[in-house]
Amino acid sequence: MKTSGSSSRRHGAALATPLLLLLLLLLLQVAAVPAQTTTDPTEAAALNAVFAKLGQKASSAWNISGDPCTGAATDGTAIDNNPNFNPAIKCECTDQNNTVCHITRLKIYAMDAVGQIPEELRNLTRLTNLDLGINALTGSVPKELGNLTNLVSLGFGSNNLNGSLPSEFGNLVKLKQLYIDSAGLSGPLPASLSKLTTMETMWASDNDFTGQIPDYIGSWTNLTTLRFQGNSFQGPLPTTLSNLIRLNDLRIGDIVNGSSSLEFISNMPSLSTLILRNCKISDSLTSVNFSQFANLNLLFLGNNSLSGSLPSSIGSSLKTLDFSYNQLSGNFPSWASGNSMRFILPSGLECLQRNTPCFLGRPQSSSFAVDCGSRRSISGSDNSMYQADDANLTAASYFVTGAPTWGVSNVGTFLNAPNGSYTIFSSRQFQSTLDSELFQTARMSPSSLRYYGIGLENGNYTVTLQFAEFDYEDSQTWKSLGRRVFDIYIQGERKEQNFDIRKAAGGKSYTAVKKIYTIPL
Ligand SMILES: *[C@@H]1O[C@H](CO)[C@@H](O)[C@H](O)[C@H]1NC(C)=O
Ligand SMILES: *[C@@H]1O[C@H](CO)[C@@H](O)[C@H](O)[C@H]1NC(C)=O
Ligand SMILES: *[C@@H]1O[C@H](CO)[C@@H](O)[C@H](O)[C@H]1NC(C)=O
Ligand SMILES: *[C@@H]1O[C@H](CO)[C@@H](O)[C@H](O)[C@H]1NC(C)=O
Ligand SMILES: *[C@@H]1O[C@H](CO)[C@@H](O)[C@H](O)[C@H]1NC(C)=O
Ligand SMILES: *[C@@H]1O[C@H](CO)[C@@H](O)[C@H](O)[C@H]1NC(C)=O
Ligand SMILES: *[C@@H]1O[C@H](CO)[C@@H](O)[C@H](O)[C@H]1NC(C)=O
Ligand SMILES: *[C@@H]1O[C@H](CO)[C@@H](O)[C@H](O)[C@H]1NC(C)=O
Ligand SMILES: *[C@@H]1O[C@H](CO)[C@@H](O)[C@H](O)[C@H]1NC(C)=O
Ligand SMILES: *[C@@H]1O[C@H](CO)[C@@H](O)[C@H](O)[C@H]1NC(C)=O
Ligand SMILES: *[C@@H]1O[C@H](CO)[C@@H](O)[C@H](O)[C@H]1NC(C)=O
Ligand SMILES: *[C@@H]1O[C@H](CO)[C@@H](O)[C@H](O)[C@H]1NC(C)=O
């Protein structure tokens, strides 16, 4: 009975079908327009927790009506290099039933965010891009970031973190870009990173990584950019680096020991920037054919133990080159005296060479004082007359005063700061000194700054060096991050290693530090 009853109803339904279908279609279309999507609740909760911890708030462009995956987060608004959309997220709402959105990108860039990297980030499991660069984040890197196995690009450079890279980062097997320069990290790079064979870009300069540069980096054969300057890596450089034939930007510096060879660069025809500074490389320059680097724009091999003479030919794209502080010999080759690279030398160079007497027989002098970078002479509270020092020094230049006399030379280019200045100025009041005005100008050098006393009479000397940091301000923001660290040599002897002006001043900028050295005859 039941069966027949339902069967007769089916007949009735069949008749009505065209109308019903039409109604259904209309309903579907109406439903599709307002796109009833919501953010995955776990991800929304995690994002809100992350923002609460880092003191961030979504702009009015998204999180409309309290749901993060709305507005600019789901339309065509670009997130990279877009200062108007920061902090920012991007979502993807393409699940099978098109109702759940997942957060795929998160950017909190240069926002002065303070605190630890929140471990709630681990719940944003769909993230492909995470950028926490240039903030004031502290503490260690949470191992939970290793759970974000969809990450293609990860950045937390320029922060105040500490500790080492977690070995869980070896799980990030889709990673192509890792930006962790100036992050405050230390210790060896974990062995598990050998699994990151899809890597293309690695910025890891200015940390305190130790141990050897791992052999496995040579198996990241898609690598195009590798930056490893300013760490404490041991030598020698791994020979496996010669497998990185796609590299176009290679920067390694400050290898603490061992002796390395230069030959590994011979397999890298695409190089456009090559910096191997202070890497204890002891080859002869003739071991490499420099004319094969057709795209080479910047070549910096300073402060190694390279021998032999300058190459007789070089790639035609070369614009900047620095071989200073090596054991080279021979003459300048023809490319070095051509039109593109002229050598117009001001007078006095001979006076800066070791063992060359200059201005002897003039009235003898036994002291001088210089106010570095200053346009006028200033008399100090110690009764010294600090002479002006306003020569416009550039990437490779020097200046020698008239007798009685001193000189100054500078080497180095500011690589990532096209407007980088070799002198800086501040009108601020300086602490811990009676001579605030003396500190208002200073010279800066990306590589080497030297002062020479010339024509001084023989004897024991006292050398007084006075410093104050003012390139980085004192504040709780990322603007106070950054390090300037250098060695101090007097008469060729190292007096200070990794000297950090601000550290010596008790962590304060705008505070004078005086170093006094007695130099025997
Ligand atoms: C993150 O996920 C874990 C489970 O994996 C859960 O216990 C935790 O509550 C989540 N956190 C947030 C903020 O949703
Ligand atoms: C989004 O808006 C809701 C409701 O106003 C708020 O509770 C939440 O914190 C906001 N989320 C973000 C990431 O700003
Ligand atoms: C489809 O939506 C339902 C309810 O919102 C959800 O439980 C399910 O996981 C979704 N399916 C997919 C594949 O996302
Ligand atoms: C790392 O930084 C945190 C927070 O700034 C601090 O509490 C901790 O002692 C530091 N750890 C080390 C090993 O320096
Ligand atoms: C996170 O990764 C660890 C291994 O590093 C794993 O044991 C754990 O199950 C992962 N957690 C989640 C929620 O995927
Ligand atoms: C290297 O890049 C190419 C594309 O340029 C890609 O096909 C290949 O899978 C990549 N290799 C690895 C190990 O990711
Ligand atoms: C470099 O120094 C480390 C630590 O002092 C030492 O273990 C290593 O053997 C040294 N390497 C070379 C090549 O001298
Ligand atoms: C150096 O490389 C250039 C360009 O690839 C090539 O023409 C030249 O023959 C090479 N010189 C030597 C000595 O191999
Ligand atoms: C130059 O190299 C020497 C010897 O390797 C080293 O002691 C010194 O610190 C280096 N100086 C710079 C500025 O890199
Ligand atoms: C250095 O350059 C500035 C600005 O170009 C100029 O005013 C000044 O006179 C120069 N100083 C010297 C000593 O040439
Ligand atoms: C650098 O200088 C150029 C030209 O003087 C100027 O247009 C540009 O804004 C400056 N860039 C920075 C970052 O100061
Ligand atoms: C220089 O100093 C040494 C002690 O370091 C002393 O013996 C010597 O007499 C001094 N010479 C002069 C000329 O003062």
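Note that the numbering runs from 1 along the sequence shown for the chain.
Applying the side chain to side chain contact (heavy atoms under 4.5 Å, CB included) test to Asp181 and every residue at least two apart in sequence or in another chain returns Tyr179, Trp203. Applying the side-chain hydrogen bond (donor to acceptor under 3.5 Å, both in side chains) test to Ser140 and every residue at least two apart in sequence or in another chain returns nothing. Considering only residues two or more places apart in sequence or on other chains, Phe169 meets the ring pair (Phe, Tyr, Trp, His ring centres under 6.0 Å) condition with none of them. Applying the side-chain hydrogen bond (donor to acceptor under 3.5 Å, both in side chains) test to Ser182 and every residue at least two apart in sequence or in another chain returns Asp206. Arg251 meets the side-chain hydrogen bond (donor to acceptor under 3.5 Å, both in side chains) test with Asp249; sequence neighbours excluded. With sequence neighbours excluded, the residues that form a side chain to side chain contact (heavy atoms under 4.5 Å, CB included) with Thr433 are Phe430, Asp435, Phe439, Ala512. Residues passing the ring pair (Phe, Tyr, Trp, His ring centres under 6.0 Å) test with Phe156: none are found, sequence neighbours excluded. A search for side chain to side chain contact (heavy atoms under 4.5 Å, CB included) contacts involving Pro446 returns Phe414, Tyr422, not counting sequence neighbours. Checked against side-chain hydrogen bond (donor to acceptor under 3.5 Å, both in side chains), Ser379 has no partners two or more places apart in sequence or in another chain. Residues satisfying the side chain to side chain contact (heavy atoms under 4.5 Å, CB included) test with Ala58, not counting sequence neighbours, are Trp62, Asn63.
When atom types are taken as modelled, the side chain of Ser153 and the backbone of Asn129 share no donor-acceptor pair closer than 3.5 angstrom. For the pair Lys280 (side chain) and Ile255 (backbone), a donor-acceptor distance under 3.5 Å is present. With hydrogens and angles disregarded, no donor-acceptor distance shorter than 3.5 Å links the side chain of Asn159 to the backbone of Leu161. A side-chain donor-acceptor contact under 3.5 Å links Thr511 to the backbone of Ser509. A donor-acceptor distance shorter than 3.5 angstrom exists from the side chain of Asn207 to the backbone of Ile180, with no hydrogens or angles considered. Listed for the Lys508 side chain is no donor-acceptor partner under 3.5 Å among the backbone atoms of Asp474. Of the possible donor and acceptor atoms, one in the side chain of Ser272 sits under 3.5 Å from a partner among the backbone N and O of Asn248. One N or O on the side chain of Thr401 and one on the backbone of Trp406 form a donor-acceptor pair closer than 3.5 Å. Side-chain N or O atoms of Asn278 include none that pairs as donor or acceptor with a backbone N or O of Leu301 at under 3.5 Å. A donor-acceptor pair is defined here as one N or O able to donate and one able to accept, closer than 3.5 Å; such a pair exists between the side chain of Asn326 and the backbone of Asn304.
To the nearest 0.5 Å, atoms OG (Ser305) and CD (Gln327) are separated by 5.0 Å.
Looking at Asp500 and Arg484, no side-chain N of the basic residue comes within less than 4.0 Å of a carboxylate O on the acidic one, giving no salt bridge. Between Lys53 and Glu119 there is no salt bridge, since none of the side-chain N atoms of the basic residue sits less than 4.0 Å from a carboxylate O of the acidic one. Between Lys107 and Asp80 there is no salt bridge, since no side-chain nitrogen of the basic residue lies less than 4.0 Å from a carboxylate oxygen of the acidic one. A salt bridge links Glu493 with Lys495: at least one charged nitrogen is closer than 4.0 Å to a carboxylate oxygen.
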Arg428 and Glu473: salt bridge (Lys or Arg N to Asp or Glu O under 4.0 Å), yes or no, with the steps? CA-CA 11 Å; Arg428 287 268 299 258; Glu473 48 183 64; over 6 Å; no

Which atom pairs, one a donor and one an acceptor, fall under 3.5 Å between side chains of residues 457-468 and the rest of the protein, sequence neighbours left out?
| unit_1 | atom_1 | unit_2 | atom_2 | d |
| --- | --- | --- | --- | --- |
| Asn460 | OD1 | Leu521 | N | 2.9 |
| Tyr461 | OH | Glu457 | O | 2.6 |
| Gln466 | NE2 | Tyr386 | OH | 3.4 |

Which atom pairs, donor and acceptor, lie under 3.5 Å between side-chain atoms of residues 290-298 and protein residues at least two apart or in another chain?
| unit_1 | atom_1 | unit_2 | atom_2 | d |
| --- | --- | --- | --- | --- |
| Ser291 | OG | Asn289 | OD1 | 2.7 |
| Gln292 | NE2 | Asn289 | O | 3.1 |

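Shown here for Asn135 and Leu132, the closest heavy-atom pair between the two residues is ND2-O, 3.0 Å.
Of the candidates Asp208, Asn498, Asp254, Asp208 is the only one forming a side chain to side chain donor-acceptor pair (under 3.5 Å) with Ser232.
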